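First up is the structure itself, then whatever we jot down about it.
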Amino acid sequence: MLYKEYGPQHWWPGETQDEIVIGAVLTQNTAWKNVERAIANLSKNGLLSLDAIAREDVERIARLIQSCGYYNIKAKRLKNVAEFLTSYKDKRNCEQFRNALLKVNGVGKETADSILLYAFDLPVFVVDAYTRRIFSRLGIIKGTEPYDEISKMFISSLPKSVRVYNEYHALIVRHGKERCRKRPLCSECVLRDKCQNALQHQR
Ligand code: SF4
């Protein structure tokens, strides 16, 4: 239904694999427009590649990504990820790759899965705050379950396809921004007839 409503989302918004990874790290706790400014700055300064970031000083990276907030932490995190990805070899073994990526300082499950799915086309399902909000309002989850429990639920109910996981998560984000906001716009929502929250509150 969301696909019918919004159409294909063409995610991730990035030209290259390296740019997708960089965006996935920088987007934590900030709006995408701030990430775009940081990516433009990195690009202008020859740093829109993981090889270049892995060799660069953290302080210089931090100065270029200031628009993203928490820039000192994010610069260190970005360099950690770049160092890891430029040296880690076996990127086709999804489970091992994920476990190794999760050991990189500052990388949580949402960031790791965004990198695996959108940069490396690996079959993982990304769970974010929009997923928890929308599907708890629908009455499908409580919203407080551990990350992996929710992720597994989606993987077991959807066709095993990177393309499906890619599009499904992108549509969730779109719906969370456009309709199922903090104050939901239920009267304009295609899911309202199936939504516990809307039925309870007669929105
Ligand atoms: S009906 Fe309202 S609460 Fe339910 S998914 Fe739609 S916008 Fe969210």
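Worth saying up front: this structure is predicted, and the values here are computed from it rather than measured. Every number for a ligand or one of its atoms is a count from 1 in the order of the listing.
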Determine whether the side chain, the backbone, both or neither of C186 has a heavy atom under 4.0 Å from any heavy atom of ligand 1.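 For C186, backbone and side-chain atoms both sit under 4.0 Å from ligand 1.
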What part of R192, side chain from CB on, backbone N/CA/C/O, both or neither, has a heavy atom under 4.0 Å from ligand 1?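 Both the backbone and the side chain of R192 come within reach of ligand 1.
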Hey, do the aromatic rings of Y165 and F154 have their centres closer than 6.0 Å?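 Not close enough - the centres of the two rings lie 6.0 Å or further apart.
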Pair W32 and W11, ring centroids less than 6.0 Å apart: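 Not close enough - the centres of the two rings lie 6.0 Å or further apart.
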Using modelled atom types and a 3.5 Å cut-off, is there a donor and acceptor pairing between side-chain atoms of S114 and backbone atoms of A24?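 Checking the backbone N and O of A24 against the side chain of S114, no donor-acceptor pair under 3.5 Å is found.
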With distance as the sole test, does K160 use its side chain to make a donor-acceptor pair with the main-chain N or O of I155 at under 3.5 Å?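 Between the backbone of I155 and the side chain of K160 there is no qualifying donor-acceptor contact (under 3.5 Å).
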Among I172, D148, I150, D113, whose side chain to side chain contact (heavy atoms under 4.5 Å, CB included) with V127 holds?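 Checked I172, D148, I150, D113 against V127; only one passes side chain to side chain contact (heavy atoms under 4.5 Å, CB included): I150.
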Close-contact set for ligand 1 against [X] heavy atoms, below 4.0 Å:
{"X": "A198", "value": "1 (S)"}
{"X": "R137", "value": "3 (S)"}
{"X": "C189", "value": "1 (S), 5 (S), 6 (Fe), 7 (S)"}

Please confirm if an N, O or S atom belonging to C180, backbone or side chain, lies less than 2.8 Å from atom 8 (Fe) of ligand 1.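 Within the cut-off used here (under 2.8 Å), C180 does place an N, O or S atom near atom 8 (Fe) of ligand 1.
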Is V81 close to V21 at the side-chain level, that is, under 4.5 Å between some pair of heavy atoms?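 Yes. Closest side-chain heavy atoms under 4.5 Å.
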Shortest heavy-atom approach to atom 5 (S) of ligand 1 - which of R183, H175, R179: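 Going through R183, H175, R179 one by one, H175 has the nearest heavy atom to atom 5 (S) of ligand 1.
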